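Taking it in order: structure first as structure tokens, then the write-up.
Owing to the predicted nature of the structure, the values given are computational and were not obtained by experimental measurement.
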Amino acid sequence: MSWFPSVTARVAAIGLALAASPVPTEAADPKTPQEPPHAEQVLRAMSQYLAKAKAFSYHAEVEFDQILPGGPKIRLAGAVDTAVARPGRLFVDYRDDVSGRVVWFDKGQLTLLDPAASTYAQISGPVDIDGIVAKLEKDLGVTLPLAEFAESDPAAALTRGVEYAHYVGVHDVEGVHCHHVVLRRADLDLQVFVEIGDKPLPRKLVFEYPNQPGSPQYTASITEWSFEPPAVDLFTAKLPEDAATVEFLPVVGGR
């Protein structure tokens, strides 16, 4: 059961070293040559910034390709809202043109609701976000959208299995100047755009699957960030009265 394109598949990391050097945050004097940062520096700065935050939320607009029978490729859209309260509370509300899911995670209990079908499933597991994300992926084949940023080390989550990392340059995302980084894995090309400045927030991700027919893409533009603590009751499951319980089907043999 796969829900979202995964960049956190539990594959062995190949030892990509992530430097902890600071990322340049201001435009250099045009008279003074400045060496661009490494991709690893950009991702580490982003990761450290998010790891320090105990609670935050973000909104993303998504677009993705769907390959129709016979080969035509169409573009669909959706959105996701995520709230995090470390170490063990997570809320995800995802909806697009073909599906929707809501996730509540609190005190080791995770509830996943399919609003259209009015069905839900629940599991108990690790009490921290990292642990429940890993359990969902390994045991159940479920990948939460943009969960990398909710984990304690987003850079490590984004670079698992990465064979190539390259700093592209400075590009604009909805009026925000961003460092543009590209990562390559055997099954995935991933572009990450990180805001330049003292708030190195991820602003856009582009997933491309070159080994799949049509090389489909999935783009997530993170348009809103808030570091105000989310309301505590946001993490409590709110199920329709007529919702029916279903079981998660485990992945045979795991991943």
Side-chain angles (χ1 to χ4, degrees), residues 1-11 50-51 53-62 64 76 78-154 156-158 160 207 218 220 222 224 226 228-255:
M1 177 178 172
S2 180
W3 176 14
F4 192 78
S6 174
V7 295
T8 57
R10 302 306 172 189
V11 294
L50 289 178
K54 298 302 181 183
F56 53 91
S57 57
Y58 47 95
H59 172 85
E61 296 290 323
V62 301
F64 59 98
L76 301 175
V80 58
D81 287 287
T82 303
V84 175
R86 303 191 192 280
R89 287 175 171 161
L90 179 65
F91 170 78
V92 180
D93 183 358
Y94 178 84
R95 58 274 183 199
D96 63 33
D97 289 330
V98 294
S99 67
R101 300 288 188 274
V102 184
V103 171
W104 298 270
F105 175 63
D106 189 15
K107 299 176 182 177
Q109 176 87 3
L110 182 137
T111 302
L112 188 154
L113 170 70
D114 181 338
S118 196
T119 58
Y120 69 97
Q122 293 182 316
I123 60 167
S124 297
V127 297
D128 64 296
I129 294 172
D130 287 12
I132 198 66
V133 168
K135 179 179 177 65
L136 285 172
E137 291 187 357
K138 181 179 179 181
D139 297 344
L140 303 171
V142 174
T143 305
L144 300 182
L146 304 182
E148 295 82 9
F149 302 132
E151 294 190 50
S152 60
D153 190 345
L158 287 169
R160 291 188 184 105
F207 306 79
Y218 199 114
I222 306 177
E224 299 174 27
S226 174
E228 293 294 325
V232 174
D233 64 354
L234 182 63
F235 305 101
T236 301
K238 299 169 183 63
L239 300 171
E241 292 183 2
D242 61 346
T245 305
V246 296
E247 297 294 328
F248 280 110
L249 296 177
V251 175
V252 178
R255 281 194 183 184

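Annotation: salt bridge (Lys or Arg N to Asp or Glu O under 4.0 Å) contacts involving residues 106-122, sequence neighbours excluded, comprise R89-D106, R101-D114.
The side-chain hydrogen bond (donor to acceptor under 3.5 Å, both in side chains) test applied to D233 returns no partner, not counting sequence neighbours. Under the side-chain hydrogen bond (donor to acceptor under 3.5 Å, both in side chains) criterion, T236 pairs with no residue at all, not counting sequence neighbours. Every residue was checked against the ring pair (Phe, Tyr, Trp, His ring centres under 6.0 Å) condition with Y120, not counting sequence neighbours, and none meets it. Residues meeting the salt bridge (Lys or Arg N to Asp or Glu O under 4.0 Å) test with D81, sequence neighbours left out: R95. Residues forming a side-chain hydrogen bond (donor to acceptor under 3.5 Å, both in side chains) with S152 (at least two apart in sequence, or on another chain): D130. Judged as a side-chain contact (heavy atoms from CB on, under 4.5 Å), and not counting sequence neighbours, the contacts of I123 are L110, I132, K135, L136, L140, F248. Among residues two or more places apart in sequence or in another chain, the side-chain contact (heavy atoms from CB on, under 4.5 Å) test is passed with V246 by T119, A121. Partners of P87 under the side-chain contact (heavy atoms from CB on, under 4.5 Å) rule, at least two apart in sequence or in another chain, do not exist in this structure. In this structure, the ring pair (Phe, Tyr, Trp, His ring centres under 6.0 Å) partners of Y58, at least two apart in sequence or on a different chain, are W225. T111 pairs by the side-chain hydrogen bond (donor to acceptor under 3.5 Å, both in side chains) definition with Q122, not counting sequence neighbours. By the side-chain contact (heavy atoms from CB on, under 4.5 Å) test, S124 pairs with Q109, sequence neighbours left out.
Expressed to the nearest 0.5 Å, how far CG of L146 lies from OH of Y94 amounts to 9.0 Å. Rounding to the nearest 0.5 Å places CH2 of W104 at 6.5 Å from CZ of F91.
Put simply, the side chain of F149 does not reach to within 4.5 Å of the side chain of T82, judged on heavy atoms. Counting only heavy atoms from C-beta outward, the side chains of L76 and D96 never approach each other to under 4.5 Å.
The two residues P229 and A55 have their closest heavy-atom pair at CA-CB, 4.0 Å. Contact record, A79 with H59: CB-CE1, 3.9 Å, taken as the closest heavy-atom pair.
The existence of a salt bridge linking E151 and R160 is confirmed by a sub-4.0 Å separation between a basic side-chain nitrogen and an acidic carboxylate oxygen.
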